[in-house]
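First up is the structure itself, then whatever we jot down about it.
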Amino acid sequence: PAAPVTVTVTGAAGQIGYALLFRIASGAMLGPEVPVRLRLLEVPAAARAAEGTVLELMDCAFPLVAGLDVFDDPAKAFDGANVGLLVGARPRGPGMERADLLAANGGIFSVQGRAINDGAAGDFKAVVVGNPANTNALIAASHAPDVPASRFTAMTRLDHDRAVAQLAAKTGAPVSAIRKVAIWGNHSASQYPDITHATVDGGPATDLVDQSWIAGEFIPRVAKRGAEIISVRGGSSAASAANAAIAHMRLWVHGTRAGDWTSMAVPSDGSYGVPEGLVSSFPVTTAAGDYNIVQGLDISVFARGRIDASVAELASERDAVKGLGLV
Ligand code: NAX
C-alpha cells in the first residue's frame, strides 16, 4: 500500500471545508489507493465545530483515513504536511476597507507561511482558496524562504470550470468535449477567462461562438459568477469551490491529460509579460507533481488588454501588502 499523505486543511469548520473534507477522505483528491492523514486548522472559536466534523468523518469509516486531528495552532497543523489547502481567511466585514482586509489576511497567511517553512514536509504543495487568494499565496510564500515559492499556488480552477460549463451550455457540447480553456490574472472580477485557444470536439471554439458573446456575455458571466451564486443561492459558492480545490490538487499531483491544460495562479516567471513573482493565473500543464506555464500562445490585442488590467490589479495588491510590511 502507498504511504499516507498528510493533508492540512485550514478553515476546516467553514462551508467550503465541510464540502471538501469528506471528498478528500474518500480518495477523490489523491486517488483511491492513497491513505490520508487529515490535519484540520481552525481559529479557537471554531475548533469545536471542526471536532464535530471529525466525529462525522469517523462515522463514514473511510478506509483511506489514517489520521484525523484538529488544531488551533498553525505550527502544529502544518507539522509534516505534504499538501496544504489554505481555505480559512478573513472575510470582508461591513465598513472594512481593502487595506484592512489585506492586513487582516496578511496576519493569517504570514503566520501560516512561517509554520509551513518550519514544519512542512520537503515536497509540500499549497493551494490558497481564501481570498484575496493570489495575494494571500504571495504573503505565505514570502514567509517561507526555505520552501520554493513555486509550491504556493492560488485557486482559479473554479473560474476555469465555470468557463468550461458556460462554453458547453452555449455550444450544446458535453463538458468532456472541451479542452484548453484558460483563466489569466487575478481571482477577481478583473480575471480574463479565455477561449481563444479552446477546442470543442477538436475544433476551434471560436468557430462556434462570436466575439460579441465572448466579450458581452461569457467573460462577465464567468468573472461575476461568484456574485451570481450569492444572489441566487443566498450564500457563496461552497461545494463547487471545494470541487475545484480537489481538481486543482489532483491535477497537480497526477497530471493534466494529453492535449489539455488547467488554470492555476502561480508565481510568474515573467511569462507573457507578467512581472516575475506576482501570483497570477496561467494555463499550465502538470506532470508528476510539477507544473509548467504553457508557452508560445498567441495573445491578441484584446487578450493583452484584459491580462494587463488584471495583472495591474495584482501589482497594486502586492504594493499594498508591501506597504504593510507583509512581503
Ligand atoms: P466560511 O466563512 O464558511 O469559512 C471560513 C472558515 O475559516 C471559518 O470557519 C473560520 O473560522 C476559518 N478561519 C478564519 N481564519 C482562520 C485562520 N487564521 N486559521 C484557520 N481557520 C480560519 O467561508 P467559506 O465559504 O468556506 O470560504 C472560505 C474562503 O474561500 C473565503 O475567503 C472565500 O472568499 C474564499 N473563496 C474562494 C474561491 C476561489 O475560487 N478562490 C471561491 C469560493 C470562496 O468564495
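Ligands are counted one by one from 1 in listed order, and the atoms in each one are counted from 1 as well.
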Give the residue and atom name of whichever protein heavy atom lies nearest to atom 10 (C) of ligand 1, and the separation in Å to one decimal. Glu42 OE1, 3.5 Å
Indicate yes or no: does Asp159 engage Arg162 in a salt bridge with an N to O separation below 4.0 Å. yes
Between Asn243 and Arg23, do the side chains contain an N or O donor and an N or O acceptor separated by less than 3.5 Å? yes
Could you find the nearest protein heavy atom to atom 32 (O) of ligand 1 and give me its residue, atom name and distance? Asn131 N, 3.0 Å
Is Ile16 touching ligand 1 with its side chain, its backbone, both, or neither, if touching means heavy atoms under 4.0 Å apart? both
Here the atoms of ligand 1 under 4.0 Å from any heavy atom belonging to Gly14 are 1 (P), 3 (O), 4 (O), 6 (C), 9 (O), 26 (O)
re atom 29 (C) of ligand 1, the protein heavy-atom contact at minimum distance is Val87 O, 3.2 Å
Who's closest to atom 38 (C) of ligand 1 heavy-atom-wise, of His160, Arg90, His187, Arg162? His187
Should you measure from each heavy atom of Gly88, which atoms of ligand 1 turn up under 4.0 Å away? 7 (O), 13 (N), 22 (C)
Would you compute the distance between atom CD1 of Ile183 and atom OG of Ser281 and round it to the nearest 0.5 angstrom? 6.5 Å
Residue Ile108 vicinity, atoms of ligand 1 by number, heavy atom under 4.0 Å: 15 (N), 18 (N)
Can you tell me if Met58 has over 12 outside heavy atoms packed within less than 6.0 Å of its CE? no
Per-atom contacts of ligand 1 with Ala13, taking only distances under 4.0 Å to non-hydrogen atoms: 9 (O)
Just to check, does Gly226 reach to within less than 4.0 Å of ligand 1 when the distance is taken from its heavy atoms? no
Would a 4.5 Å heavy-atom cut-off, applied to side chains only, mark Val294 and Lys180 as touching? no
With a 3.5 Å cut-off and no angle check, do the side chains of Gln191 and Thr156 form a donor-acceptor pair? no
Does Ala241 approach ligand 1 within less than 4.0 angstrom via side chain, backbone, both or neither, non-hydrogen atoms only? side chain
Relative to the ring of Trp213, is the ring of Phe218 parallel (under 30°), tilted (30 to 60°) or perpendicular (over 60°)? tilted
Taking the six-membered ring for Trp, are Tyr272 and Phe282 parallel (under 30°), tilted (30 to 60°) or perpendicular (over 60°)? tilted
Could you tell me the residue and atom name of the protein heavy atom closest to atom 22 (C) of ligand 1, and the distance to it rounded to 0.1 Å? Val43 CG1, 3.7 Å
Residues Asp118, Arg114; criterion salt bridge (charged side-chain N to carboxylate O under 4.0 Å, His left out); working and verdict: CA-CA 6 Å; Asp118 295 348; Arg114 223 168 286 127; over 6 Å; no
Is there at least one pair of N or O atoms, one from Gln15 and one from ligand 1, spaced under 3.5 Å apart? yes
What is the distance from atom OG of Ser190 to atom CG of Leu314, rounded to the nearest 0.5 Å? 6.5 Å
Does some non-hydrogen atom of the protein lie less than 4.0 angstrom from atom 15 (N) of ligand 1? yes
Can you list the ligand 1 atoms lying under 4.0 Å from a non-hydrogen atom of Gly11? 6 (C), 7 (O), 12 (C), 20 (C), 21 (N)
May I ask you to identify the nearest protein heavy atom to atom 37 (C) of ligand 1, giving residue, atom name and distance to one decimal place in Å? Val129 O, 3.0 Å
With backbone taken as N, CA, C and O and side chain as the heavy atoms from C-beta onward, which portion of Leu158 lies under 4.0 Å from ligand 1: side chain, backbone, both, or neither? side chain
How about CZ on Arg48, more than 12 heavy atoms from neighbouring residues, nucleotides or ligands closer than 6.0 Å, or not? no
Tell me whether ligand 1 is touched by Gln112 - counting only heavy atoms on the residue side and a distance under 4.0 Å. yes
